[in-house]
A.B. asks: 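Got a structure here, written out as structure tokens. Questions coming.
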Amino acid sequence: MMWDRFAASDPGLLRLTAGLRTVAAIGLTLVVLALLRTDVTHLVAGAMTAMTATFAVKDTLVRDQAITLALGLPVALAATSLGALLAPQVVVGDLFFVVLIFGAVYCRRFGDRGTALGLIGFQIYFLSLFVGASTTALPALLLALAIGFACSAVVRFAVVPETPRRVLTRLRDAFRTRVAQLVSLQIELLDAEPAQLEKVLDDMRRRTARLHETALMIQGRLEEGTPDADKAALLQRRVADAEISTERLGMLLLNARSAESADTLTLHLPHAPVPLTGDWRPAEDDATIALRRDLKALHLLVDRPVSRDGGTAVAHIRNRLLGYRDEDKLPLAPAGIQDAFRGIGEAARAVLGLRLALDGPQDESDDSPATTRSREEFDAEDIALASSETSEKDPDTDRTGLQRPTTRAAFQVSVGSVLAIIGGELLSSQRWYWAVLTCWVVFLNTASTGEILVKGYRRLLGTLLGAVAGVALAGLVGDNTWVAFALVLVFIFAMFFTAPLSYAVMSFFVTAMLGLLYTLLNSYSFDVLVLRIEETAIGAACGIIAAVLILPVHTDRRTDELLGTVLEKLGDVASAAVEQLSGGPASDLLGKARALDTALDELRDSADPLTYPITPLRGRRQTVRYLVALLETCAYHARSLAATAELVPHSRTVAADPRLHRAGRRIAHNIEVLAAHVGDEDLGGEVRSAASIASTLRDDGSGTPPSGTVTFRVLRHLQRLDEGVVGLARPLDVPVAERAGEKTVRV
């Protein structure tokens, strides 16, 4: 369905809700002010106030949103009053603006509420400059602001209400749809011709990343959206199972059509080589035909809501797929094809577990023995999760003084704003505040010089294109006020809907909207267009200069810090998982895995300037891409180990094996050496490469476990994690100590 695809493209409908809520708040404000017969200036002021009051408040709980909105009104009224009072006093007004900017950025350390109040203070003061607030017109302007806040509250809490539970429900639906989309693409992977394979793999990487993004969004909202802590932990577990099993199925399908086992890095690094078989003929192979049929059945199982599960057809499909978890139910086929069938069985089990967690007990009358066994395993896991203690959160490790990110950013933005005021007023004593606004926004959600440089470039590009569009629209609209306001609403919706996707596109809509607002204020012309671009360029340049000269955080240093954090989290997950797989005490493995994923996402964002297409350092760009892809591969295997390790205390198919402890020690040592090297700590250590992890089971003559068993899967994930960690040594320039006399055996 088209709606499912749209919901999957916008998980939780967060972008759609933000756009609709903002447009509705502005529209309601315009209606109220029009009924009061206010002039165009106050219409613009009320509309921009409603927009600010709507997008600034980011609290999760409804009660917290109401408190922040109530506190934001006096902040807005004070900012407007001071803007009107200080307008005639240029120097004092500029100094106050700089102090206000410093305080607005500094307040970010106090969380969502501090960020919102600082943003409201800055934006409303800017609004007073934009509409030319004066003391004589102040009462009417304050009334317009109050109406804007009131309309924002009405829309937020009555017209477009939102609760954490409702958002979580929509995120779960989006997760289900994205799993179905990934399975659908895996069917294409099975049939893709060699010439089409790279495109299919690119699509798989993108959809796998989107699935992972949705899983993280769900985990981030479980606490507020699920009052029952045990149910939240259970849902987190089931989401992680579904994500891992679906990603693993893609790898098994790739192996099924490869001449030899493909490296997991293939699913994370564009243009990675794939060892294809030269005589691949899926349509002529009975086992492959059955594999394609069961992949379509899995897609139906994922895509079909529980409410539409009437009859025995779906139960029959589920029973057949779950039967592939038993060796005697596998069809006669090569080992790679059999592994793919096993992957389908594990994915079907994950889908069943996710349905049980979301929808509760279901009809068991048509269950096969394999389905009954899966339900019993889930019951045992549920009991174990309910009895486990919740782990404490890590203590706050924020730095103090000038090294605290909010303090550093406050000084940087303040200095940049001073430069922007000077440069902006040299261009225009009337429109100088555009330079300050640009300087302000290029610092939002950035943490390094490279990020600021890229954001400034995107801002300038979007402004240039938006200014041209604004000229064309201003000529078309002319003096038609309400047509202009209608287009403003369209652009505001587009601005919020595209903001998470492309900053340049968002800047385009912002500039086009402002062009229409200037048209409404009868102050738009070609000279204003050129000035807007010049002020934007100056503001971006001042922001970059401040970021380079004032307490700079170079992109390399920022990336190294985050890389060290990722390695630390990777070591935590790997060590804890191996410890539990070796018979050690249980721990919050999924919590550790979530911390690893969060750190990896931050590293990926921070490395974006290093991989940007316009970067002149092509060699470094390829190295960074390879490094991030290798870390994603390591994280995937660590998550898989963590998910398997959590089954140890209560599973009949997973047993602890103390012999894994030695391999875990080597992996932990290698990660420590890499982290020390990244952190410039000269420990004099080397990364140790060794024989296959399977050698840990050969020491007592037990041999390698059969393919398809859980023990074999654990060994394979450990082997790939070990290889990935050793592989990180090359791009990080860390020495590797080879062990003489040992032969590497792949599992």
Side-chain angles (χ1 to χ4, degrees), residues 6 9-10 13-27 29-30 43-56 58 119 122-123 126-127 130 148 152 155 160 431 433-446 454-477 480-521 523-524 528-537 539-540:
F6 177 80
S9 68
D10 180 17
L13 302 181
L14 298 179
R15 290 186 285 124
L16 177 64
T17 301
L20 290 178
R21 180 180 285 171
T22 306
V23 168
I26 294 173
T29 302
L30 292 175
L43 285 174
V44 172
M48 293 185 69
T49 299
M51 181 180 69
T52 300
T54 302
F55 79 75
K58 300 293 185 183
L119 185 58
F122 171 84
Q123 290 291 143
F126 171 84
L127 173 62
F130 180 76
S152 175
V155 170
V160 189
R431 314 288 185 204
Y433 43 78
W434 288 121
V436 180
L437 179 65
T438 301
C439 180
W440 161 275
V441 296
V442 297
F443 276 96
L444 291 177
N445 300 320
T446 55
V454 170
K455 193 170 185 180
Y457 162 76
R458 290 170 174 167
R459 175 81 177 186
L460 184 59
L461 178 63
T463 299
L464 179 63
L465 298 176
V468 174
V471 169
L473 290 171
L476 292 174
V477 170
N480 197 322
T481 300
W482 292 108
V483 172
F485 270 123
L487 287 175
V488 165
L489 292 179
V490 171
F491 288 154
I492 288 175
F493 176 83
M495 175 178 69
F496 281 93
F497 193 79
T498 59
L501 304 178
S502 172
Y503 185 72
V505 174
M506 186 203 73
S507 299
F508 167 83
F509 287 117
V510 170
T511 304
M513 176 200 68
L514 291 173
L516 289 171
L517 291 179
Y518 269 127
T519 301
L520 291 170
L521 296 174
S523 57
Y524 200 65
V528 172
L529 159 68
V530 175
L531 181 62
R532 174 82 172 94
I533 297 173
E534 292 174 343
E535 295 281 5
T536 299

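Values below: all heavy atoms of this structure, side chains included; hydrogens, waters and symmetry mates excluded.
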A.B. asks: I would like to know whether Glu535 and Thr438 meet side chain to side chain contact (heavy atoms under 4.5 Å, CB included); could you show each step before the answer?
C.D. replies: CA-CA 8 Å; Glu535 295 281 5; Thr438 301; over 6 Å; no
A.B. asks: Could you pull out the closest heavy-atom pair between Val483 and Val477, with the gap in Å?
C.D. replies: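 Closest heavy-atom pair between Val483 and Val477: CG1-CG2, 4.4 Å.
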A.B. asks: Any chance you could lay out the side chain to side chain donor-acceptor pair (under 3.5 Å) test for Thr54 and Thr22, step after step, and finish with the verdict?
C.D. replies: CA-CA 6 Å; Thr54 302; Thr22 306; 5.0 Å; no
A.B. asks: With side chain to side chain contact (heavy atoms under 4.5 Å, CB included) as the criterion, how do Leu14 and Phe496 come out once you've worked through the C-alpha distance, each side chain's angles and the decisive distance to 0.1 Å?
C.D. replies: CA-CA 10 Å; Leu14 298 179; Phe496 281 93; over 6 Å; no
A.B. asks: Nearest 0.5 angstrom please: Thr49 OG1 to Gln123 CD, how far?
C.D. replies: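 The CD atom of Gln123 is 10.0 Å from OG1 of Thr49, to the nearest 0.5 Å.
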A.B. asks: Using every non-hydrogen atom in the two residues, find where Leu460 and Ile533 come nearest and quote the distance to one decimal.
C.D. replies: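 That would be CD1-O, 4.1 Å.
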A.B. asks: Report the C-alpha distance between Ile26 and Arg21 in whole Å, list the side-chain angles of each, state the deciding distance to 0.1 Å, and finish with yes or no for side chain to side chain contact (heavy atoms under 4.5 Å, CB included).
C.D. replies: CA-CA 9 Å; Ile26 294 173; Arg21 180 180 285 171; over 6 Å; no
A.B. asks: Is there a side-chain contact between Leu437 and Arg459 in this structure, where contact means two heavy atoms from C-beta onward sitting under 4.5 Å apart?
C.D. replies: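 Yes, close enough: below the 4.5 Å cut-off.
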A.B. asks: Can you confirm if the NZ or CZ of Arg458 lies within 45° of the ring axis of Tyr503 and under 6.0 Å from the centre of its six-membered ring?
C.D. replies: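 Relative to the ring axis of Tyr503, which defines the angle, Arg458 lies outside at least one limit.
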A.B. asks: Applying side chain to side chain contact (heavy atoms under 4.5 Å, CB included) to Trp434 and Leu531, what does each step give before you reach the verdict?
C.D. replies: CA-CA 9 Å; Trp434 288 121; Leu531 181 62; 6.0 Å; no
A.B. asks: Students often mix this up, so state it plainly: with edges at 30° and 60°, are the rings of Tyr433 and Phe126 parallel, tilted or perpendicular?
C.D. replies: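 Answer is perpendicular, since the angle exceeds 60°.
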A.B. asks: Table please: side-chain donor-acceptor pairs of residues 485-493 below 3.5 Å, with sequence neighbours left out.
C.D. replies:
none

A.B. asks: Mark yes or no for whether Thr511, through its side chain, and Ser507, through its backbone, hold a donor-acceptor pair below 3.5 Å.
C.D. replies: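 Here the side-chain-to-backbone pair exists.
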A.B. asks: Can you tell me how far apart CE (Met51) and OG1 (Thr29) are? Round to the nearest 0.5 Å.
C.D. replies: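 Reported value, rounded in 0.5 Å steps: 11.5 Å.
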A.B. asks: Any donor and acceptor pair, going by atom type alone, linking the side chain of Ser502 with main-chain N or O of Thr498 inside 3.5 Å?
C.D. replies: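 No; zero donor-acceptor contacts below 3.5 Å.
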A.B. asks: Could you give the distance from CG (Leu16) to CG (Asp10), rounded to the nearest 0.5 Å?
C.D. replies: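 One finds 6.0 Å between CG of Leu16 and CG of Asp10.
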A.B. asks: Can you name the nearest heavy-atom pair linking Leu127 to Ala45, along with the distance?
C.D. replies: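 For Leu127 versus Ala45, the nearest heavy atoms are CD2-O, 3.5 Å.
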